[in-house]
Amino acid sequence: MTETAQQETVEEIDLTAANRVIDKYIDMHGSLMPVLQGIQEAYGYIPEETVHLTAERLNVYASQIYGVLTFYAQFHLQPRGKYIVRVCMGTACHVKGAGRIAETLKDRLGIEHAETTEDVKFTAEYVACIGACGMAPVIMVNDATYGSLTVQKMDDVIKKYQAMD
C-alpha cells in the first residue's frame with residue numbers, strides 16, 4: 001500500500017466503533033486484550049488513532065499498547081485486504097509446488113507475503129501449515145480452502161475473487 005493510500009485511510013477513521021468497544025470493557029480489570037480484539041474486529045486492523053484513544057480512555061501508555069500489538073501475531077497495524085489469501089508453505093505443499101502457487105499469486109496481484117493490494121482487496125500471507133496436507137498444494141481465501149492447486153486453478157481462484165464486488 002502506498003503512503004498516500006495509508007494517509008487517506010487514516011484520515012477517514014471514525015472512532016465511534018472504537019468508543020463502543022471501549023465502553024463495553026472500560027470497567028473490566030485487564031480489559032486491554034478484549035478491547036484491542038474488538039477494535040480489530042470493527043476496523044479489520046488497529047488504526048493508530050484507536051491506540052491513542054484506548055490509551056487515554058483505559059489510562060495506559062500507548063507504548064504498552066504497542067508492546068501488546070507487536071508481541072501478538074493476531075494483531076495488524078495496517079489495513080488488510082477483504083480477502084486474505086493464505087498460501088501453505090508446509091512440507092507437503094512445498095514438495096507439490098507451493099512455490100509456483102505463491103509465484104502465481106505474486107504475478108497476478110503484484111503482492112508478496114504480508115502485502116496488500118492498492119485497492120485493499122487482497123492480502124497475501126505465506127503460512128507454515130494450514131493442516132490440509134492431503135490436499136497439497138493448498139491455499140485458503142478467508143475461510144474457504146482450495147486444494148490440489150495448479151497454476152491454472154490458482155488463476156481461476158484469483159479471478160473468482162476479483163470478480164466479487
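Along the sequence shown, the residues carry numbers beginning at 1. Below, all heavy atoms of this structure are taken into account, side chains as well, without hydrogens, waters or symmetry copies.
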Review point. For the residue pair Tyr83 and Phe122, does the interplanar ring angle fall in the parallel (under 30°), tilted (30 to 60°) or perpendicular (over 60°) class?
Key: tilted
Exercise for review: Following the transitive rule for hydrophobic clusters with a side-chain heavy-atom cut-off under 4.5 Å over Ile, Leu, Val, Met, Phe, Trp and Tyr, establish whether Ile13 and Leu77 coincide in one cluster.
Suggested key: yes
Review point. Is it the case that more than 12 heavy atoms not belonging to Glu56 sit under 6.0 Å from its CD atom?
Key: no
Study note, to complete from the structure: dist Tyr43:OH -> Asp14:CG (nearest 0.5 Å) comes out at 6.0 Å
Review point. Side chain of His113, backbone of Tyr126: donor and acceptor closer than 3.5 Å?
Key: yes
Check your understanding: side-chain contact (heavy atoms from CB on, under 4.5 Å) with Ile111: which of Thr117, Thr123, Val85?
Key -> Thr117
Study note, to complete from the structure: Interatomic distance, CD1@Ile22 vs CD1@Ile39, rounded to 0.5 Å, equals 4.5 Å
Review point. Can you tell me if NE2 on His94 sees more than 12 non-hydrogen neighbours from other groups inside 6.0 Å?
Key: no
Practice item. Could you tell me the separation between the CD1 atom of Ile139 and the SG atom of Cys88, rounded to the nearest 0.5 Å? Key: 11.0 Å
**Study point:** Any donor-acceptor N/O pair, Lys24 side chain to Pro34 backbone, under 3.5 Å
**Key:** no
Study note, to complete from the structure: Of all heavy-atom pairs linking Lys153 and Ser148, the shortest is NZ-O, 3.2 Å
Check your understanding: Under 6.0 Å from the NZ atom of Lys106, do we count more than 12 heavy atoms belonging to anything else shown?
Key -> no
Check your understanding: Is there a donor-acceptor contact under 3.5 Å from the side chain of Thr70 to the main chain of Tyr66?
Key -> yes
Check your understanding: Taking atom CD of Gln74 as the centre, does the number of heavy atoms from other residues, nucleotides or ligands within less than 6.0 Å exceed 12?
Key -> yes
Practice item. Please round to the nearest 0.5 Å and tell me the distance separating atom CZ of Arg108 and atom CD1 of Ile158. Key: 6.5 Å
Point to revise | Test item: Asp155 side-chain N/O and Thr150 main-chain N/O as donor-acceptor pair under 3.5 Å | key: no
Check your understanding: Would you say Thr116's side chain and Val120's backbone share a donor-acceptor pair under 3.5 angstrom?
Key -> no
Exercise for review: Without swapping roles, check the side chain of Gln40 against the backbone of Gln37 for a donor-acceptor pair under 3.5 Å.
Suggested key: no
